[in-house]
Structure formats: C-alpha cells, structure tokens
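Notes follow the structure.
Proteins get letters first, then strands, A, B, ... in listed order; numbering begins at 1 in each.
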Amino acid sequence: MNKVDVKDIDKKWQDFWSSNKNSFKNTDKKKKFYCLEMFPYPSGKIHMGHVRNYAIGDVLARYKTLQGFNVLHPMGWDSFGMPAENAARENNLDPKEWTQKNIATMKRQLHSLGLSIDWDLEISTCDPNYYKHQQSLFIDMYNKGLVVRKETYVNWDPVEQTVLANEQVINGKGWRSNAIVERKKLSQWFFNISKFSEELLEDLKLLTEWPEKVKLMQKNWIGKSVGCEIDFEIDGQEKVKIFTTRPDTIFGATFLAVSVDHPICKNFSNKDNFLKFKNKASQVGTTEEAIANAEKIGYDTGFRAKHPFIKNKSIPVYVANFILMDYGTGAIFGCPAHDQRDYDFAKKYKIEIIKVVEPKENHEIVADNKAFDGDGIIINSTFLNGLNISDAKDKIIFEIEKKKIGKRKISYRLKDWGISRQRYWGCPIPMIYLKNGKIVPVDKSELPIMLPSDVDLNSKGNPLENHPNWKKTKYKKTGEDAIRETDTLDTFVDSSWYFIRFCSPKLKDKPFDEKSLSYWMPVDQYIGGVEHAILHLLYSRFFMRAIKFNDENIKIKEPFKGLFTQGMVCHETYKNKKGSWLSPEEIKDFKKSEITVGPPEAMSKSKKNVVDPESMIKIYGADAVRWFMLSDSPPDRDIQWSNDGVAAAHKFVQRVWSLNEKAINRKNVKSLEEERKKFLTAINKYLFKITGFIEKFQLNVAIASFYEAIRLMEEYVNKPVENKDFLQSQASLMKAIMPFIPHISCECLSKIEGKDFYSKIKWPGIEKSLLTDENVVIVVQINGKKRGLISAKKDISEVDVIREAQKINNVEKNLRNKKITKKIFVKNKIINFIIK
RNA sequence: GCCCUCGUGGUGAAAUGGUAGACACAAAGGACUUAAAAUCCUUGCCCGCAAGGGAGUGACAGUUCGAGUCUGUCCGAGGGCACCA
C-alpha cells in the first residue's frame with residue numbers, strides 16, 4: 001500500500017488555511033457561534049493538556065463553521081505573571097523578552113496542530129494595548145464603587161512575596177508556590193465581588209449548559225447561609241453581636257464565643273496569659289487533618305453575657321480558636337447540645353449542656369458524646385416548646401426583631417476579591433496618592449500606565465516600589481506631585497475579561513465596542529480545565545456583571561453560555577532504583593528490572609511523565625495526534641497517553657488516505673439496487689449518528705462510528721455500487737471527519753472535488769428517508785433470557801414474529817410442554833415469552 | 001465530618017429500561033511472504049470436538065415481562081469544601 005507523507009500534507013494545508021481564511025466576520029445575517037478555549041500562559045512550550053483542550057475546541061469550531069455558523073475562534077496569551085519574573089531573575093533577562101520568545105514558540109506549535117484559529121484577533125495581556133483598557137475598566141469600576149480599599153488581614157505568600165486572595169490559598173498554602181501562607185495586616189485594593197453574592201448564586205440556575213459539578217462547587221464556594229444576628233449585653237462592655245443559623249436553639253445557649261481578633265479582646269491585649277493563648281490559637285498545622293482535628297481551646301474572659309430570653313441568667317464569654325473573625329460577626333452563642341464544636345468545647349471547659357431539640361421519633365438514637373443536629377421538636381424553650389425547627393426559627397426571629405435585639409440576616413462565605421500584588425510583571429493599578437492623603441484614579445488620558453523596563457528584579461520586595469523614579473508623578477487636575485500605586489493587579493484580573501476583548505481586539509480608544517460585544521457575547525462554548533471551576537470562572541462572571549453595572553447598554557450577565565471541562569492527560573510514571581523520577585524517554589536506557597512503573601497520573605514536569613507534543617507531531621503528523629487525543633476516552637474524563645494509541649491513529653490516517661486513492665481509481669460498476677440502498681442507508685446513518693455524537697460532545701463515540709464507516713467503505717470498494725454514489729459517500733465522510741483530521745481530509749477532498757472545494761465546503765446533508773432500515777433484527781426471549789434472533793421486514797406483526805420465533809430450534813425446545821402465560825411484544829425490537 | 005461523581009474483559013471504553021462488551025489498544029493463533037515488515041482474518045470467562053449451553057457490568061436486596069441503566073443499603077476509588085456558627 002502506498003503511504004502518504006503526512007508532514008507534507010500538514011504543511012500544505014496549514015499554509016493554505018493561513019492564506020485562505022474563511023473570513024465571514026461581521027456578517028450579522030448569519031447565526032454566530034463563539035467558540036473559546038481557555039487561553040494559555042506562555043510558559044515555554046505547549047503540553048499535551050493544551051493539545052487536548054485545543055483539539056476539542058477545534059472540532060467544535062470547524063464543525064460549527066461547516067454547519068454555516070459565523071464562528072469566532074480566537075486565541076491569546078495570559079502573559080503576565082510570576083514565572084516570567086522568576087525566569088528573568090534566574091537568567092538575567094527581561095520578562096518581556098522571555099514572554100515574547102515563549103509566545104513565538106507556542107504560536108508556532110499551535111499552528112502545527114492545524115487549528116482553525118483566527119490569529120488576526122490575537123491578544124496578549126502583557127501588551128499595553130490590552131492592559132490600557134484594563135486600567136480604564138478599573139477606573140470605571142472604582143468610580144462606580146466596585147473597587148474598595150480596605151485594611152485587612154491578608155494571606156501573605158512568603159515565597160512569592162505577595163498577597164493572595166482566599167481562593168488562591170489551598171490547604172493553607174499558596175496555590176502556585178506551595179509555601180505556607182502567613183497572616184499580615186495590609187491596606188489592599190479589593191473588587192467588591194461580594195456585592196453580587198446573591199446574584200452569582202441565583203444565576204447559576206441560568207447556566208443550563210454548565211456541568212452540574214462546577215455549578216455545585218461555585219454554590220458551595222459562595223456559601224450562603226440564612227440566620228439572624230442577636231445582640232448580647234455584657235456588663236461594662238459594648239454589646240456583642242453574634243450570628244447564628246440556629247436561633248431556635250437560643251434556650252440551649254450556655255456560653256458565648258468570640259474570635260481572637262474580636263474587638264472585645266482589646267481588654268486583654270497586654271495580658272500575658274491572653275497573648276500566650278492567642279499565640280497557641282494561631283499555631284494550627286497546615287495539613288487538612290490538622291485543621292479539621294485541631295483541638296478546641298478557649299480563653300475565659302471573665303465577662304458574663306445576659307441571656308436575652310431567660311431572666312437573671314448569664315452565660316460565660318470565651319475567646320475560642322475555632323471562631324473566625326471574617327465570617328458572620330466573629331462571635332457566636334454556643335449551644336453544646338446541638339452543635340458538635342460547641343459540644344466538644346463545653347465538655348472541655350465544663351460548661352452546662354441543655355437539650356432543646358428532641359428527635360422526632362425514637363428512631364434516631366443520640367449518642368452520649370455527640371451533639372444532635374437533626375430534625376426534631378423544641379423542648380425546654382418556654383414559648384418555642386412543641387414547634388418544629390423551621391417554625392421555631394420563624395417565631396424566635398420574630399421575637400428578636402420585636403425586642404429590637406437583632407434581625408434576620410444572610411451570610412455568605414464569599415469574600416471580596418483582593419487584587420493587589422506586590423509584583424512587577426502585572427498590570428499597574430492606575431491610582432495615585434496625593435500629599436493630602438487622598439487616593440485618586442489617574443486621568444484616563446494618561447493611560448496606559450506603562451510598566452518601566454529598567455527595573456531591578458534581584459533586590460527584595462516590590463520592584464516598582466524600589467524603582468528610583470517610576471512612582472513619582474503629577475496629578476493632572478492640579479499639577480501637584482503625587483505617588484503612583486506600586487502594586488500591580490492579580491493576573492486573574494487579566495483573564496476575567498479577555499473573552500470580551502476578543503469581540504473587538506483592535507479597538508483603540510475603548511475596551512470593547514458595544515455592538516460587537518452584543519453580537520458575539522456570550523461565549524457559546526467555553527472549553528478548559530476543571531481546575532478553574534471557581535477562581536477564573538467566578539471572577540469572569542463577576543466581571544461581566546461589573547461591566548454591565550458600568551454600562552447600562554450591556555445586557556449580558558453571564559459570559560459563558562456553555563462550559564465544557566475536559567479531563568487531564570495522564571501517563572505512567574517511572575522511577576529508577578534510587579527512587580528518582582524518569583521520563584518516558586529516559587527509561588529506554590534502562591533494563592526493565594531497573595525501573596518501577598507507577599500508575600498513570602496527570603502529566604507533570606515534577607514527575608517527568610511528560611510527552612512532548614511537538615516531537616509526536618513530527619513523527620505521526622498533526623492529524624494522528626489530534627485523532628488519538630479524541631479517540632480513547634470521553635473528552636470530560638482523563639485520558640492516558642499511549643504511544644501505541646497514537647501509532648494506531650497514524651495507521652488510521654493512512655487507511656483513510658489509501659481508501660481515498662482506491663475511491664478515485666475505482667473502476668465503475670453497475671449498481672445492484674439492493675446493494676446500493678443498503679450502502680447509502682448505512683453511510684447516511686453513520687453521518688446522522690456522528691452529527692449527534694458531536695453535538696453531545698461524545699467525540700470518542702463519534703470516532704468509533706468513523707472507524708465503522710471507513711471499514712464499510714473499504715468493503716464496498718469491490719461491491720456493485722456505482723462510482724458516483726461511492727465517491728459522493730466518500731466526500732461526505734471526508735467532510736464529516738474534517739473537524740477531527742483536517743489535513744488528510746482536505747487533501748482527500750481536493751482530489752475528489754477539485755482545488756476550490758474549500759470555499760464551498762459544507763457539513764454533509766442527511767437524507768431522512770434513508771435513516772431506517774427495511775429489515776430489523778428482533779430478539780426472542782424466554783423469561784427475559786435471549787434464546788434467538790429473527791431477521792424480518794420492518795413492522796412485522798406480532799403474529800408473524802411469534803410464528804417465526806417458534807421455528808427457532810432453541811426456542812421450540814424451551815417452549816415444548818410449557819405453558820405460555822404471557823407474551824410481551826415490542827414492535828421491531830423484542831418478543832418475550834413468559835412460561836411457567 | 002459534609003457534599004458530589006464514578007465502579008463494565010488484560011487496558012481505554014460503548015450501550016433512548018429491550019442482543020452487554022460497539023470502537024480501539026494489548027495478547028494469542030492463523031493467512032499472505034524464502035523471511036521479515038506492512039496488511040488482513042480468528043479467538044477472548046466456565047463446560048463442550050462442535051452445534052450449543054452456563055455464569056457475568058463492585059456487593060446485597062427491591063421495582064419490572066425484562067435492570068449496566070431505576071430505588072434502597074453497604075463496600076471501594078476519585079474530586080470539592082472544611083472549625084462557615
């Protein structure tokens with residue numbers, strides 16, 4: 001068999017696509033489709049994860065294009081961030097040069113995958129032409145009150161020497177550096193994302209094309225809880241406001257607990273024993289277990305709080321290590337009988353325990369050493385007695401509000417988004433500090449506030465702060481001297497609106513043009529890793545709302561209509577006898593016995609289980625790499641890289657080519673009507689199924705159908721079907737397979753339909769009348785067990801089926817001397833005899 | 001601890017409540033060949049020379065004429081949240 005050189009074909013069609021763009025942008029008549037894959041951080045080279053992400057996206061983009069949609073399929077670079085700064089420091093380079101070099105490499109590599117990306121729309125977040133508009137948006141948001149400055153305890157990453165947002169702290173460690181995060185009190189800029197807490201939660205319901213998993217994660221992250229605030233009076237002190245979701249258990253309250261950062265602690269701020277306690281309370285481990293099982297400790301303030309509903313009763317006030325200042329009010333009432341934490345605490349400090357909820361039925365046995373937090377009936381609670389929990393809540397809140405000692409209150413776990421970073425390689429925050437202490441935005445005419453290129457990255461601290469004169473400026477309105485903000489924006493800000501910029505990436509004076517935005521947004525299909533389920537996706541949802549808040553002409557709330565989260569690319573791991581990781585390349589130099597093979601894990605540099613996409617493309621061609629990435633697993637599940645797999649994909653590409661050669665050189669034969677119909681029906685059915693599978697993102701199943709279809713074609717090369725029908729079927733299949741393996745299929749199509757086929761190419765039409773077979777296979781069951789099959793004309797009657805079924809040896813044998821009590825007949829599917 | 005998802009051959013996986021294992025990888029056997037490569041075909045657990053039969057989708061129950069699919073309980077793996085009051 002003749003082999004085709006896929007490298008030549010790859011290059012030929014990549015060049016062709018570069019110079020023959022399907023430029024149907026801005027034709028408002030057509031229905032639009034905005035297909036977007038998460039843009040990459042330009043770290044150096046693309047990895048297999050990118051290949052999978054962009055292969056999936058490209059199938060969809062090309063498919064929708066063939067379907068006649070006006071497709072927006074752009075690409076850009078998330079190009080600000082720490083690695084550039086680190087690399088620059090290590091190699092004494094300019095972060096900009098390092099970044100641009102990486103972008104050039106990765107762009108070349110993406111190009112070699114044959115992606116249908118419109119590179120005219122390329123953007124890069126470290127480009128002043130991009131961040132200029134980000135600064136402008138920031139100023140708009142500041143003016144609308146969506147940017148606030150607060151002094152708070154922040155998460156300080158000692159390795160990156162910067163502040164992290166709550167979302168960026170994972171198990172007490174920095175999300176990138178993995179360093180234990182410290183607490184620091186600093187003045188910082190925040191986006192007021194919590195203003196939209198309720199909306200961000202409520203509108204998850206609108207996202208019908210998002211994975212449930214991601215919506216759930218966001219819901220949990222926003223963490224809404226409904227309860228109330230209650231003021232407790234304390235002799236000689238200000239009232240302490242507590243938050244609770246269980247006001248119904250107020251009669252079981254036997255102590256008050258506050259956070260170590262609570263204002264009431266000022267009373268002891270210079271007492272030795274309190275400082276000792278505070279110190280001990282902050283010493284929590286960083287492992288998950290340590291946090292979960294941390295011992296509950298308290299400091300008795302000596303104060304007594306008046307119980308608001310029990311006359312002459314007072315309860316002790318403790319400072320406790322398990323109360324967080326930044327949730328609710330930083331204070332609670334403890335009800336040990338019905339909250340496990342309170343119970344543990346009460347046991348330790350010998351605090352009274354009063355049961356106020358009786359389990360509804362005796363089914364629930366309450367263990368002696370456990371708090372009961374299930375449903376039940378209120379007891380020991382005067383006017384609440386006999387009510388269920390829900391009614392008791394309503395009643396007590398009513399009483400609390402009547403007494404004016406508190407009110408109904410909803411708390412969210414979601415905090416404002418801290419965006420100040422003490423870094424160089426990020427977007428400068430366009431604010432200035434005046435001599436009189438005021439902080440104001442710079443005049444928009446001065447944008448962009450550019451990063452200086454002459455910075456010293458080697459000294460400690462913030463490079464912009466250390467720069468000799470960058471921060472010295474003048475306030476345009478008054479001409480007075482001023483100092484620039486030297487913090488830069490969290491790089492998650494950059495990626496929170498890039499999908500909007502793609503709608504009008506070249507626009508000079510504004511971040512976006514309303515008309516283009518309204519036409520293209522929302523993104524119809526967004527594709528990326530599930531690791532961004534909270535951070536990036538929540539921030540983007542916030543940004544879309546902020547933009548809408550700034551500009552009432554914008555009607556779009558949700559940026560991403562459809563979301564698809566693809567699985568990771570895994571590979572076996574290898575270790576040598578010393579226990580150090582080996583790459584798949586390196587193991588070739590070892591004997592089998594010298595290597596320990598580990599289970600497949602996500603490809604990572606640290607475990608060295610990576611395969612370089614570029615070298616694979618060089619060996620097998622772009623089509624084979626794409627085909628394999630899509631064929632082995634459902635796109636939302638992890639896939640395991642295998643060299644055999646990609647080699648098989650390469651063979652398939654060759655098979656497609658060779659089939660096409662046979663099709664072109666086939667001798668014409670006269671059709672046998674029966675064969676012709678069988679053939680066309682089968683091909684038509686495959687096309688129909690494949691369309692459905694692509695729509696449902698079952699790309700691996702679509703691929704299985706292609707295997708079957710191609711095999712059928714191979715069979716029919718020598719069967720009595722006319723060339724016209726055969727070639728037309730081949731062309732249809734090549735069009736349908738084009739989104740997957742565009743190079744070879746375009747080559748094949750150009751041979752069948754001539755050079756200018758590409759300008760007319762369309763998704764193959766499906767002939768509905770050819771979707772049903774004339775013959776069906778009916779399953780014969782006895783008591784639900786398969787005993788035989790019947791081939792018959794479609795819509796065969798029950799009587800005929802029964803007669804045919806009884807002719808089958810195996811069926812006859814099993815029915816002999818048995819009484820048939822029931823027959824279940826499902827047309828064209830099944831006959832089931834029930835016998836005794 | 002709470003919440004979610006998933007358990008199907010040696011492997012990755014298919015399967016609107018209706019023929020379990022499509023499609024692919026690996027393995028074994030065979031065809032072609034002087035030989036190899038390439039290509040193609042067959043097999044797949046148990047009984048049987050075979051025709052055929054039996055078991056079978058993590059376990060146990062249930063609903064149904066019929067369950068991988070629906071319900072319940074349990075076991076196992078993965079993920080998210082985690083002192084959130």
Side-chain angles (χ1 to χ4, degrees), chain A residues 1 3 170-171 211-221 223-225 227 242-247 249 257 259 284 288-289 291-296 320-324 326-335 338-342 344-345 373 411-415 530-531 533-534 570 600 627-628 631-634 636-649 651-652 654-655 658 693 698 700-709 711 714 777-789 809-810 813 821-826 828-835:
Chain A
M1 192 174 72
K3 266 195 149 191
I170 293 148
N171 297 336
E212 289 301 321
K213 188 171 81 172
V214 174
K215 285 192 276 186
L216 192 72
M217 280 165 73
Q218 292 214 351
K219 184 181 170 229
N220 292 339
W221 189 265
K224 179 180 181 173
S225 52
I242 65 93
F243 174 73
T244 183
T245 56
R246 291 295 302 274
T249 62
S259 158
V284 195
E288 292 174 38
E289 258 190 305
I291 295 165
N293 304 328
E295 193 193 1
K296 288 172 182 48
N321 64 336
F322 63 96
I323 306 302
L324 307 170
D326 61 0
Y327 186 78
T329 59
I332 60 144
F333 73 71
C335 176
H338 304 291
D339 182 285
Q340 192 59 41
R341 291 157 305 181
D342 297 349
D344 296 343
F345 193 78
D373 58 4
S411 278
Y412 298 92
R413 211 186 71 121
L414 180 66
K415 292 279 143 350
V530 74
E531 66 274 18
I534 293 166
C570 299
W627 185 255
F628 170 67
S631 67
D632 240 27
S633 291
D636 55 348
R637 234 185 275 181
D638 286 354
I639 194 169
Q640 201 187 331
W641 178 266
S642 96
N643 285 344
D644 287 323
V646 71
K651 275 184 208 167
F652 176 76
Q654 294 290 348
R655 243 176 90 195
S658 137
F693 291 140
Q698 289 184 283
N700 57 324
V701 192
I703 280 178
S705 298
F706 277 120
Y707 273 108
E708 292 179 32
R711 187 195 288 164
E714 286 165 343
V777 176
I778 290 166
V779 183
V780 182
Q781 294 184 340
I782 293 172
N783 285 349
K785 272 191 179 157
K786 184 184 106 182
R787 294 296 171 186
L789 298 171
N809 255 346
N810 200 22
K813 200 170 75 191
T821 56
K822 206 173 175 183
K823 298 177 198 114
I824 287 112
F825 175 69
V826 181
N828 295 327
K829 269 194 180 150
I830 200 163
I831 177 80
N832 189 2
F833 296 100
I834 311 304
I835 57 170

Using the [atom1] atoms only, state how far [M] lies from [N], rounded to an integer number of Å.
N	M	atom1	value
B/G66	B/G78	P	37 Å
B/G80	B/G21	P	36 Å
B/G52	B/U57	P	24 Å
B/G68	B/A14	C1'	11 Å

Earlier contact from the 5' end, RNA chain B, for A/Glu708 and A/Thr245: A/Glu708
Residue whose closest nucleotide on RNA chain B lies nearer the 5' end, A/Thr244 versus A/Glu714: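 The residue whose closest nucleotide sits nearer the 5' end is A/Glu714.
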Aromatic plane relationship, A/Phe652 with A/Tyr707 - under 30° parallel, 30 to 60° tilted, over 60° perpendicular: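 Answer is tilted, since the angle falls between 30° and 60°.
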Distance-only donor-acceptor test, A/Lys823 side-chain atoms vs B/C65 base atoms, 3.5 Å: no
Considering every strand shown, what is the Watson-Crick or G-U wobble mate of [N] when both distances are under 3.5 Å?
N	value
B/A67	none
B/C32	none
B/A85	none
B/G7	B/C75

Side-chain donor/acceptor of A/Asn700 to backbone N/O of A/Ser631, under 3.5 Å: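 Side chain of A/Asn700 to backbone of A/Ser631, a donor-acceptor pair under 3.5 Å: no, none is there.
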Strand-adjacent residues in residues 779-786 of chain A, judged by heavy atoms under 4.0 Å from RNA chain B: A/Val779, A/Gln781, A/Lys785, A/Lys786
Sugar-phosphate only, base, or nothing, as touched by A/Ile834 at under 4.0 Å among non-hydrogen atoms: sugar-phosphate
Touch class at under 4.0 angstrom, heavy-atom based, for A/Leu216 against every strand present: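 Sugar-phosphate, no base atom in range.
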Results of salt bridge (Lys or Arg N to Asp or Glu O under 4.0 Å) for A/Asp632 - residues two or more places apart only: none
Presence of A/Ser705 side-chain N/O under 4.0 Å of B/C23 phosphate oxygens OP1/OP2: no
Syn-anti status, with the boundary at 90° from 0, for the nucleotide B/G9: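 Classified syn.
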